[in-house]
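In listed order, ligands and their atoms are each counted from 1. All of these numbers come straight from a predicted model, not from anything done at the bench.
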Amino acid sequence: MADPKGFLTTGREVAKTRPAGERVKDWNEVYVPGSLLPIISKQAGRCMDCGIPFCHNGCPLGNLIPEWNDYAYREDWAAASERLHATNNFPEFTGRLCPAPCESACVLGINQPAVTIKNVEVSIIDKAWGNGDVTPQPPERLSGKTVAVIGSGPAGLAAAQQLTRAGHTVAVYERADRIGGLLRYGIPEFKMEKVHINRRIEQMRAEGTKFRTEVEIGRDIDAAKLRRRYDAVVIAAGATVSRDLPVPGRELNGIHFAMEYLPLANKVQEGDLTVSPITAEGKHVVVIGGGDTGADCVGTAHRQGAASVTQLEIMPKPGEERNANQPWPTFPMLYKVTSAHEEGGERVYSVSTTHFEGDEDGNVQFLHLVEVEFKDGKLEQKPGTERKIPAQLVTLAMGFTGTDQANGLVQQFGLELDARGNIARDGQYATNVDGVFVAGDAGRGQSLIVWAIAEGRSAARGVDRFLTGASELPAPVKPTDRALTV
Ligand SMILES: Cc1cc2nc3c(=O)[nH]c(=O)nc-3n(C[C@H](O)[C@H](O)[C@H](O)COP(=O)(O)OP(=O)(O)OC[C@H]3O[C@@H](n4cnc5c(N)ncnc54)[C@H](O)[C@@H]3O)c2cc1C
Ligand code: SF4
């Protein structure tokens, strides 16, 4: 146990963010660099090393949280990093981006603020990179088997790293021009600087994983050819089809899916563009959708110099405390103030967009909305509450409907879909097609990075067993195994 009295003597302290007015002028991560390290050992010392660590169960990866808290408390960073990597290939991604269902499940959280698990995680991995403790781990011998991974988001990368280390020859196919999936082109630089992806890719290349960018499976290479070339296939193609809003005026200029808007801003940061062709500069911006994707649009619009930013959400404002149907240790749906919300803008709840209004040139100028309320379990419009708000740039961030089928991927492989339209799989992450596995959002629907990594690792074990008859890779998490999370 780290510090037997730590939870009594030390209060919770989290990473400091730079002042909002300062950080909206750049795209760097919002945190004060170096602010965590001086406090983090004492924070790790708040861990009570519970007999039944519910945080393990809250984390879809089953991260060994009390073990690495103990090492972080003792400042044995190399041992902490080894324990962290035992369950998580990319803690620098989750340590920055995870909503931390582990903290919702922390036993200390029953009557005190939870341990800052996510901050400890990111401190350990940043220290490990700084100390040179993160090195390539190439396999000792090759199996002679080949695997194609389709998609280079966190699920594809986790599967590829596990399978490469198990001795298989792995190639990752990615239709975009860079590796990383939504980590690269969805999530903005101010949430995670892309250097963190780049150095992992270097590590993976040094281990032997091959990367093929700008190759879309189904279009550039068909499924039959891929199957002839490889002994097994992992589909980690994400759930990238955006949900649309088919109301009058949707065709006007200036209305875009979030995933049309955010990648262009990221391309500016990559140095591919000097300015984004879809910019919020000087515009009244409306973001439709109150989730993480919407928050990323809000933060991006602030940095581009928007005149105003309004975020609309059809559901009522969530509460700030757990309610009776979301007891500890479940992951509750609470009102969240993200870093993007700290920076400004207005959030409007319980409203629905009825139509858009444009000018004579076909550019959107106003969004018409109406208040809504739940009546007998159904969402109904409140008469007399219609109004319009200025809207010169609208981003649609209302979620995703599933894997892209337009390229023929699903049909060419002959994959079965589940009732929600995701690629169906069994407990080993195998699809209905022999030798073809699925991991991440493609099988789960749009979810979280931590789940994508967990599923990528689990699918790797399924593939390894398929190829060799046995596997020493970690046992799979079943989609329902750790159900404290979303
Ligand atoms: C804007 C945004 C912000 C988010 N923020 C967070 C956050 O803060 N925290 C969090 O936990 N989660 C967040 N999420 C969710 C998280 O990013 C996803 O759950 C996660 O990235 C899923 O990983 P994946 O590997 O399954 O798929 P993806 O990351 O979507 O990667 C799939 C990849 O497959 C490629 N691909 C698709 N079809 C083909 C094909 N036929 N051939 C070749 N390549 C193909 C795609 O180009 C893509 O690169 C966010 C999502 C969005 C959209
Ligand atoms: S990956 Fe997420 S849930 Fe798991 S320990 Fe880290 S922050 Fe917590």
Checklist entry - Do F413 and V233 come close enough that some side-chain heavy atom pair is under 4.5 Å? => result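 F413 vs V233: side chains touch.
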
Item to check | 4.5 Å side-chain heavy-atom contact, L37 and K127 | outcome: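 When only atoms from C-beta onward are counted, K127 and L37 do touch, with a gap below 4.5 Å.
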
Checklist entry - Relative to the ring of Y230, is the ring of Y173 parallel (under 30°), tilted (30 to 60°) or perpendicular (over 60°)? => result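 Ring orientation of Y173 relative to Y230: perpendicular.
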
Checklist entry - In terms of the angle between their ring planes, are F466 and F437 parallel, tilted or perpendicular, with boundaries placed at 30° and 60°? => result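 Plane angle over 60°, so perpendicular.
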
Checklist entry - Given W27 and V268, is the side chain to side chain contact (heavy atoms under 4.5 Å, CB included) satisfied, shown in steps? => result CA-CA 10 Å; W27 293 81; V268 174; over 6 Å; no

Item to check | Ionic contact status for D177 with R184, cut-off 4.0 Å | outcome: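 Salt bridge flag = no for D177 with R184.
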
Checklist entry - Can a salt bridge be assigned to the pair E343 and R303 using a cut-off of 4.0 Å between side-chain N and carboxylate O? => result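 Judged by the 4.0 Å cut-off on N to carboxylate O distance, E343 and R303 do form a salt bridge.
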
Item to check | Nearest heavy-atom neighbours spanning A452 and P154 | outcome: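 Of all heavy-atom pairs spanning A452 and P154, the closest is CB-CG, 3.8 Å.
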
Next on the checklist: Testing the basics here: between G291 and Q311, what is the closest heavy-atom pair and its distance to 0.1 Å?
Outcome noted: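 In this case the closest contact between G291 and Q311 is O-NE2, 3.8 Å.
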
Checklist entry - Around atom 4 (Fe) of ligand 2, how many protein N/O/S atoms fall inside 2.8 Å? => result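 Protein N, O or S neighbours of atom 4 (Fe) of ligand 2 under 2.8 Å, waters not counted, come to 1.
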
I'd like the atom pairs linking ligand 1 to the protein - N or O on both sides, separation under 3.5 Å - with distances to 0.1 Å.
residue, atom, partner, partner atom, Å
ligand 1, 5 (N), K191, NZ, 3.4
ligand 1, 8 (O), L97, O, 3.4
ligand 1, 8 (O), K191, NZ, 2.9
ligand 1, 9 (N), L97, O, 2.8
ligand 1, 11 (O), I449, N, 2.9
ligand 1, 19 (O), D441, OD1, 3.2
ligand 1, 19 (O), D441, OD2, 3.0
ligand 1, 19 (O), S447, O, 3.2
ligand 1, 19 (O), L448, N, 3.4
ligand 1, 25 (O), P154, N, 3.3
ligand 1, 25 (O), A155, N, 3.0
ligand 1, 26 (O), D441, N, 2.8
ligand 1, 29 (O), L182, N, 3.0
ligand 1, 41 (N), I217, O, 2.9
ligand 1, 41 (N), N407, ND2, 3.2
ligand 1, 42 (N), I217, N, 3.0
ligand 1, 44 (N), R175, N, 3.2
ligand 1, 47 (O), E174, OE2, 2.7
ligand 1, 47 (O), R175, NE, 3.2
ligand 1, 49 (O), E174, OE1, 2.7
ligand 1, 49 (O), E174, OE2, 3.1

